[in-house]
Structure formats: structure tokens, C-alpha cells
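Let me begin by handing over the structure; questions about it come next.
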Amino acid sequence: MLNQHAELDRMFHALSDPSRRHMVQRLSRGPASVSDLAAPLDMSLPAVIQHLQVLETSGFVRSEKVGRVRTCRIEPAALRTAEHWIAARRATWERRLDRLGDYLAEQDDQPTKRRNR
Amino acid sequence: MSERSTEHATFVIERTYPVSPARVFAAWADPVAKTRWFAGPDEWESGPPEFDFRVGGRERNSGGPPGGPVHAFDALYQDIVENERIVYSYDMHLDGTRISVSLATVELKPVGDGTRLIVTEQAVFLDGADYTFQREQGTRALLDSLDAELRREPANA
């Protein structure tokens, strides 16, 4: 449990910054070079690299230098546990059951559709 | 991804709705009603659904975000007790790859004037699923749970 919390702490810290969230979002669509990641962000390359280091420490992202280009990708291991599967499936159910609640409430607002008068 | 793996999971979600079990059951049993809440988010594009709500009947639907992966849901109703219980097995495909097989049990219990709904899902998740969408969902779910947790904590903690 403790380990899991430490892992979550690092992940939440990594995601606590809008630039880093932007980078994770970008990488979730596929690998990118550091300059690709930096392009839409209004910050210096060294600042981008610092953010990347936080993401790498968190386990979200890993990078690899080939020649002169450092390519970053989402690290599946960080997010590939049963906990995350469950979180995703639970989230689907939570949203679905919220919609069911909304639907039932709407029906309540329409007395003509009520089954028991 | 060629790596084969299985991960088993069981989870339970409960809700209480201020309407009778018959009303809640109808929202599961009626095809028009069910499309109103069961399928994916409104912005998703979806194919024509198939819905045969009886023991041995199938339900199929598929859809996904525009330009994103196609999620296909294929269910077989195993047990139906009107106003009380629905049990179905289903699998999920993402872009044609089976990513999970599940048994879902939906129980409806009257509480006062309302209904306690209990969903139990028992699932096997297949092959580690290095799928962007799942990762995003998982991450979003984490952020949602963080948000909920922070709301529960007193501001001066």
C-alpha cells in the first residue's frame, strides 16, 4: 500500500503542472522528440528538459537518445497495472451510472411518462 | 504488442436512485431508454446497436471518439429476474483486438422509496493493453479520484 502511495504521489506530482500534463497528453498520442514537445509550449528548451526529468522520475515517460535526437514516449509500465485497468473500467461505470441517474430524473420531470399515476 | 498476459479484477459500484426498482429495471430493459445512458459519451460516433434483452439474447454496440479507436461491446444475457437482477457476460474489443472479458451482475434492491443498484464486475484484462485510450482513461480516473479526495479533505489539512 505504501509503495502504491509513493508511486501515486510521484504520478500526481508529475501531473500537477499544466505543461507536464500537456506533454503527457501529447505523448499519449505517440512518441515525440524533445523539440516536438517543446514546440507548442512557451518555454525554453532547458525548462522543457527539466519537466521531462520530472515525468521520467514519475515513471510516466522514458526517453532515449539516438544520434542527436532524444525521443520520448509514454512508459506503459507506469500505467499498465491492474489498478489502472480497474480505474478505467470503474470510471466508465461511474459516468454511465451518473447518466442513468440523470435519465431517471428526467423521466421524473415528465409525469405523462410515469408508469404509476 | 505480442506479449501475452492476463490480469484479473473484481470491483463493485453502488448507487441509490430515488425511483422504484421497476423504473430502474426498465432503463436497462428498454432499448430506447438504454441508449439514453449506457453508451459512450455524446460526442462519440457509434454504429447501429443490437439489443435483445432476454436470457440468451445478445447486445452489441460499438463506437468511439471521432478519429479514435473503435470500442466494441458484445454481451450475452445470462440471467434476468425482472426488477431484481441482470447478469451478463461481455467482451470488449478495441480496434478489433479483444482487451477484456467480463461477467457483470446488476442487482436492484428497494430501499425506502428508492432503489439501491449494485454493479459487480469480474473481469480478465488481456495482454497488458498498451492502449492509449485506456491509459488516458486510467489517468483521468486517477485525477478524478484525486479531485474527489481533495474535496473531502478539510482546507487546512
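Residue numbers start from 1 in every chain, and the chains themselves are labelled A, B, ... in the order their sequence lines are given, proteins ahead of strands.
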Original post:
Can a salt bridge be assigned to the pair B/Arg15 and A/Glu94 using a cut-off of 4.0 Å between side-chain N and carboxylate O?
Top reply: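 Yes, charged N to carboxylate O under 4.0 Å.
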Subject >> Co-membership, hydrophobic cluster, residues A/Val34 and A/Val61, 4.5 Å side-chain >> reply: yes
Original post:
So do A/Leu104 and B/Trp37 actually touch side chain to side chain, heavy atoms under 4.5 Å?
Top reply: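 Not in contact.
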Original post:
Do A/Tyr103 and B/Trp28 sit in the same hydrophobic cluster, where Ile, Leu, Val, Met, Phe, Trp and Tyr count as joined when their side-chain heavy atoms come under 4.5 Å apart?
Top reply: yes
Original post:
What option among B/Ile13, B/Thr10, B/Val19 has the most heavy-atom pairs under 4.5 Å with chain A?
Top reply: B/Ile13
Original post:
Honestly curious: do B/Phe53 and B/Leu76 fall in one hydrophobic cluster under the side-chain, below-4.5 Å linking rule?
Top reply: no
Subject >> Portion of B/Val124 that has a non-hydrogen atom of chain A nearer than 4.5 angstrom >> reply: neither
Subject >> Which of B/Ala123, B/Ala104, B/Pro18, B/Ala33 touches chain A most, by non-hydrogen pairs under 4.5 Å >> reply: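 Counting heavy-atom pairs under 4.5 Å, the top option is B/Ala33.
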Subject >> Test: A/Arg99 cationic atom under 6.0 Å from B/Phe38 six-membered ring centre, within 45° of axis >> reply: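 The answer is no; the distance or angle limit is not met.
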Original post:
Given a strict heavy-atom distance threshold of 4.5 Å, which part of B/Ser102 is in contact with chain A: side chain, backbone, both, or neither?
Top reply: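 Contact with chain A is through the side chain of B/Ser102 alone.
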Original post:
Any salt bridge between B/Arg36 and A/Asp102, counting N to O under 4.0 Å?
Top reply: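 No salt bridge links B/Arg36 with A/Asp102.
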**OP:** Count the heavy atoms belonging to other residues, nucleotides or ligands that lie under 6.0 Å from CG of A/Asp42, then report whether that count exceeds 12.
**Re:**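 12 or below, so no.
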Original post:
Any link between A/Val54 and A/Val48 through a network of hydrophobic side chains (Ile, Leu, Val, Met, Phe, Trp, Tyr) touching at under 4.5 Å?
Top reply: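 Each belongs to a different hydrophobic cluster.
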Subject >> CZ/A/Arg26: more than 12 non-hydrogen atoms of other groups inside 6.0 Å >> reply: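 For A/Arg26, atom CZ is crowded (more than 12 foreign heavy atoms under 6.0 Å).
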Original post:
Same hydrophobic cluster for B/Val87 and A/Trp93, using side-chain heavy-atom links shorter than 4.5 Å among ILVMFWY?
Top reply: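 As far as the 4.5 Å side-chain criterion goes, A/Trp93 and B/Val87 are not connected within one cluster.
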**OP:** Output the distance between atom CD (B/Glu121) and atom CZ (A/Arg89), rounded to the nearest 0.5 Å.
**Re:**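 It comes to 5.0 Å.
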